[in-house]
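Here the structure comes first, spelled out in structure tokens, and everything after it is commentary.
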Amino acid sequence: MLAPSAPPRDLFAYRKFWAHRFGPAPFLPTTRAEMEALGWDSCDVIVVTGDAYVDHPSFGMAIVGRLLEAQGFRVGIIAQPDWHSTRDFMKLGRPNLFFGVTGGNMDSMVNRYTSERRLRHDDSYTPGGEGGRRPDRAVIVYAQRCREAFRDVPIVLGGIEASLRRLAHFDVWSEKVRRSVLLDAKADILVYGNGERAVVEIAARARAGEAVRAMRGIRGTVTIRDSLPEGWAVLDETRLEEERDAPAAGAEVASGEGTVVRLPDYEALAADPVLYAHAARVVNRESNPFNARPLAQRHGDKLVWAEPPAWPLATPDLDWVHERPFARAPHPALGDARIPAWEMIRFSVAILRGCFGGCAFCAIAGHEGRIIQSRSPDSVLREIAQVRDHTAGFTGTISDLGGPSANMWRLGCRDRRAQAKCRRPSCLHPTTCRNLGTDHAPLVALYRAARRVPGVKRVLVASGVRFDLAVESPDYVAELAAHHVGGTLKVAPEHTEPGPLALMMKPGPERFDRFRALFEAAARQAGKRLFLVPYFIGAHPGTTDRDMLALALWLKGRGYRLDQVLTFLPTPMTLATAMYHSGRNPLAPVRRGGEAVVSAKGLRQRRLHKALMRWHDPENADLLREALVVMGRRDLIGRGPHHLVPPGPRAAPPRRGR
């Protein structure tokens with residue numbers, strides 16, 4: 001059971017720090033000259049980020065900066081510093097409270113390397129799209145430079161890179177289990193997930209004189225301790241269920257504090273992939289903020305302690321965050337340089353956070369959580385007006401009204417008591433939960449209100465639509481097709497075969513076919529020529545070459561010639577990564593003798609899976625012909641309508657001598 005927990009505090013309920021008298025800055029300062037122009041002699045908090053500074057609510061450093069500014073703190077930004085020395089890390093001086101360190105909106109390793117581990121030469125979050133402006137493992141490197149620059153200043157880690165590396169995790173780039181990034185970065189505290197509540201509390205307690213490293217009890221944070229504290233009962237999850245003397249169904253509170261879940265030690269996980277799969281299952285089980293317990297994991301002589309996830313933001317809090325005085329533009333020092341990520345979202349409006357789909361390969365639930373946090377219609381409409389009035393180049397089109405999944409706005413569990421107990425990894429798999437609200441009528445009303453905003457000509461939905469949810473509301477599909485698709489709509493079936501789909505936690509192709517029929521009928525009714533752009537994944541754990549061949553034949557039979565395809569990339573803390581590393585399925589109790597989960601790990605096999613999704617590309621023909629021969633499917637080589645690839649060129653006959 002959980003210890004009694006106080007209700008979450010409103011973000012705007014904290015007493016403001018004295019510096020609020022300066023008021024909001026046009027842009028948060030990035031140089032001493034900008035600080036002096038604002039009348040500042042120092043910064044209370046300095047945020048170091050791997051992204052270019054864009055003052056917009058889609059960029060993490062801007063949200064954290066404006067959030068703390070609203071609490072009365074002076075916040076500076078050091079964006080994409082040169083990490084080869086401490087010079088850039090010292091340019092704003094010593095922060096009074098702490099450094100906030102983030103790798104940016106993407107994990108730096110995902111940002112730098114492809115799924116085939118090739119170096120990327122571009123970076124969407126950098127001026128000009130230039131690659132190489134952030135280091136590998138940026139969170140660790142930036143924290144080290146901050147510590148070298150000002151040894152006694154506390155360091156707070158945050159962002160998706162820190163969030164997904166908060167515990168021992170498998171790292172595909174080094175092919176080993178790595179320690180918590182909090183230890184490797186030698187930081188004081190780590191904030192995981194959407195960190196508004198935690199960041200504000202850390203700043204408030206730091207200004208009161210409390211040492212950041214000593215802070216305890218802040219939801220959504222990870223800290224380092226020497227040992228388990230007194231007064232807690234321990235739920236021991238350090239072994240597989242089959243290897244225990246008795247099942248670990250629960251634990252009783254010893255003296256009122258509550259129960260902490262003890263995970264396998266880092267050293268044990270590094271040596272035992274099967275145990276790693278078990279730990280991944282336990283961590284995933286403790287992800288519902290309404291019933292999650294603290295997690296404790298020993299690393300050598302230190303204990304990494306992860307508090308339960310932060311309480312989701314209520315609608316007024318989320319509205320308040322999005323309505324800070326963002327400049328809604330890149331910092332002027334960046335000039336006219338094109339920042340691809342900014343260009344993509346500059347005319348978009350986010351309406352929600354979180355995703356209850358629970359896809360095994362996706363990091364969204366592990367970072368933002370499964371509880372949908374929705375903005376109010378009034379707040380969304382006000383931001384649309386802000387885009388219209390203050391974003392240069394606006395021509396009347398809102399490019400996206402969405403979020404991680406465009407059609408989860410205001411959806412969630414209808415039974416509060418059931419939600420408080422639920423530990424399901426997905427609300428949609430293997431079937432839609434009977435307690436899940438699926439009514440899209442409020443979202444349709446929001447779309448219609450957005451279209452009525454003066455000066456707005458079109459409102460598009462470019463975020464991915466969860467099609468297995470949309471089929472529950474045909475009226476939503478009709479509204480979407482009639483008014484909110486600019487020509488193509490992204491959806492993600494991911495695969496067609498039951499084996500991979502079960503491990504992905506995705507629906508079968510019959511749900512996609514049903515959505516496709518609804519969508520195409522709605523497009524015809526609206527007199528529009530629209531197309532679905534389906535996304536599929538190759539090389540996902542549990543996917544065989546024959547599964548990929550079946551997918552290729554399915555694509556060909558339906559006339560799909562895909563331009564963009566995805567090859568599975570193991571990212572920290574996802575269930576699919578645990579499958580890839582361990583060869584076991586953490587969706588069920590993990591057993592040493594259990595059925596193995598195969599994964600395509602060799603470069604050639606991964607390329608084959610990608611090639612099968614692009615069966616029509618002539619460059620893939622040689623590889624496909626060879627694979628079809630090995631699989632005993634020569635019948636698919638030829639020039640007929642039922643063939644997958646044409647035959648290879650015949651060698652010219654030898655010339656006969658005279």
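FYI, side chains are in, hydrogens and waters are out, and symmetry mates aren't considered; it's all heavy atoms of this structure.
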Seminar exercise, completed: Between Ser163 and Gly366 the two heavy atoms that sit nearest each other are OG-O, 4.3 Å

Exercise. Does Asp622 come within less than 4.0 Å of Arg625, counting only side-chain N to carboxylate O?
Worked result: yes

Exercise. Tell me, do Ile372 and Phe356 make a side-chain contact under 4.5 Å, heavy atoms counted?
Worked result: yes

Exercise. Hey, does the side chain of Arg244 reach the backbone of Arg239 with a donor-acceptor pair shorter than 3.5 angstrom?
Worked result: yes

For this session: Output yes when a side-chain donor or acceptor of Lys601 lies under 3.5 Å from a complementary backbone atom of Tyr580, and no otherwise.
Result: yes

Exercise. Has Glu595 got more than 12 heavy atoms of other residues, nucleotides or ligands less than 6.0 Å from its CD?
Worked result: no

Exercise. Within a strict 4.5 Å, meaning less than it, do heavy atoms of the Val461 and Val485 side chains meet?
Worked result: no

Problem set entry | Note, Leu644 side chain near Lys556 side chain (heavy atom, < 4.5 Å) | yes

Exercise. How about Leu460 and Ser399: do any of their side-chain heavy atoms sit closer than 4.5 Å?
Worked result: no

For this session: May I ask you to say whether Asp468 pairs ionically with Arg511, meaning some side-chain N is under 4.0 Å from a carboxylate O?
Result: no

Exercise. In Å, rounded to the nearest 0.5 Å, how long is the span from CD1 of Ile371 to CD of Gln419?
Worked result: 4.5 Å

Exercise. Taking all atoms of both residues into account, what is the closest heavy-atom pair of Asn105 and Asp51, and its distance?
Worked result: N-OD2, 2.7 Å

For this session: Decide, yes or no, whether a salt bridge links Glu368 with Arg353 under the criterion of side-chain N to carboxylate O below 4.0 Å.
Result: no

Problem set entry | Other residues, nucleotides, ligands: >12 heavy atoms within 6.0 Å of Glu619 CD | no

Exercise. So, are Arg633 and Asp545 salt-bridged, with charged N and O less than 4.0 Å apart?
Worked result: no

Exercise. When you look at Tyr113 and Leu569, which way does the side-chain contact (heavy atoms from CB on, under 4.5 Å) test go after all the steps?
Worked result: CA-CA 10 Å; Tyr113 298 95; Leu569 175 62; over 6 Å; no

For this session: Identify the two heavy atoms, one from Met579 and one from Pro541, that lie closest to each other, and give their separation to 0.1 Å.
Result: CB-CB, 3.7 Å

Exercise. With a 4.5 Å heavy-atom cut-off, do Val172 and Thr577 have their side chains touching?
Worked result: no

Problem set entry | Under 3.5 Å: donor-acceptor pair, side chain of Thr488, backbone of Leu532 | no

For this session: Without swapping roles, check the side chain of His429 against the backbone of Cys359 for a donor-acceptor pair under 3.5 Å.
Result: no

Exercise. What's the verdict on side-chain contact (heavy atoms from CB on, under 4.5 Å) for Leu530 and Leu489, showing C-alpha distance, side-chain angles and the deciding distance?
Worked result: CA-CA 8 Å; Leu530 304 176; Leu489 179 69; over 6 Å; no

Exercise. Measuring from Leu612:CG to Leu551:CG, what's the distance to the nearest 0.5 Å?
Worked result: 8.0 Å

Problem set entry | Taking every non-hydrogen atom, the tightest pair across Gly159 and Thr102 | CA-OG1, 3.7 Å

Exercise. Parallel under 30°, tilted from 30 to 60°, perpendicular over 60°: which one fits the rings of Phe59 and Tyr125?
Worked result: perpendicular

Problem set entry | Arg558/Arg516 under side-chain contact (heavy atoms from CB on, under 4.5 Å): CA gap, chis, key distance, verdict | CA-CA 11 Å; Arg558 285 160 176 75; Arg516 181 181 179 180; 3.6 Å; yes

Exercise. Relative to the ring of Tyr276, is the ring of Phe170 parallel (under 30°), tilted (30 to 60°) or perpendicular (over 60°)?
Worked result: perpendicular

Exercise. Any sub-3.5 Å donor-acceptor pair from Lys528's side-chain atoms to Ala522's backbone N or O?
Worked result: no

Seminar exercise, completed: Rounding to 0.5 Å, atoms CE (Met613) and CG (Leu608) come to a distance of 10.0 Å

Problem set entry | Backbone N/O of Gly131 and side chain of Thr126: donor-acceptor pair under 3.5 Å | no

For this session: In plain terms, say whether Arg133 and Asp123 are close enough for a salt bridge, that is, a side-chain N and a carboxylate O under 4.0 Å apart.
Result: no

Exercise. Among side-chain atoms of Glu237 and His278, is any donor-acceptor pair under 3.5 angstrom?
Worked result: yes

For this session: Answer whether the closest heavy-atom distance between the side chains of Arg614 and His616 falls below 4.5 Å.
Result: yes

For this session: Before giving the answer on side-chain contact (heavy atoms from CB on, under 4.5 Å), spell out for Asp107 and Leu164 the whole-Å C-alpha distance, their side-chain angles and the decisive distance to 0.1 Å.
Result: CA-CA 9 Å; Asp107 182 285; Leu164 298 181; 5.7 Å; no

For this session: Using a cut-off of 6.0 Å, state whether more than 12 heavy atoms not belonging to Gln525 lie near its atom CD.
Result: no

For this session: Evaluate the side-chain proximity of Pro507 to Phe467: yes if any heavy-atom separation is below 4.5 Å, no if none is.
Result: yes

For this session: Would you check if the side chain of Arg606 reaches a backbone N or O of Leu603 as a donor-acceptor pair within less than 3.5 Å?
Result: no

Exercise. Is there a donor in the side chain of Asp547 and an acceptor in the side chain of Thr544, or the other way round, less than 3.5 Å apart?
Worked result: yes

Problem set entry | Interatomic distance, Ser426 atom OG to Met504 atom CE [nearest 0.5 angstrom] | 14.0 Å

Problem set entry | From His581, Lys176, Arg137, Arg178, residue fulfilling side-chain hydrogen bond (donor to acceptor under 3.5 Å, both in side chains) relative to Asp171 | Arg137

Seminar exercise, completed: All heavy atoms of Ser405 vs all of Leu352, minimum pair found to be O-CD2, 3.5 Å

For this session: Kindly check if the number of other-residue, nucleotide or ligand heavy atoms within 6.0 Å of CD (Glu175) is above 12?
Result: yes

For this session: Indicate yes or no: at least one non-hydrogen side-chain atom of Ser582 is less than 4.5 angstrom from one of Val597.
Result: no

Exercise. Arg423 side chain to Asn288 main-chain N or O, any donor-acceptor pair under 3.5 Å?
Worked result: no

Exercise. Can a salt bridge be assigned to the pair Arg410 and Asp439 using a cut-off of 4.0 Å between side-chain N and carboxylate O?
Worked result: no

For this session: May I ask you to decide if Arg466's main-chain N or O and Asn407's side chain share a donor-acceptor pair within less than 3.5 Å?
Result: yes

Exercise. Less than 4.0 Å between a side-chain N and a carboxylate O, is that true for Arg592 and Glu243?
Worked result: yes

Problem set entry | Ring center gap for Tyr447 and His483 short of 6.0 angstrom | no

Exercise. How long is the gap from CZ on Phe519 to CG on Leu480, to the nearest 0.5 Å?
Worked result: 6.5 Å

Exercise. How far apart are the closest heavy atoms of Ala270 and Val177, and which atoms are they?
Worked result: CA-CB, 3.9 Å

For this session: With rounding to the nearest 0.5 Å, note down the distance linking CD1 in Ile345 to OG in Ser124.
Result: 11.5 Å

For this session: Kindly say whether Ala611 contributes a backbone atom to a donor-acceptor pair with the side chain of Asp617 at under 3.5 angstrom?
Result: no

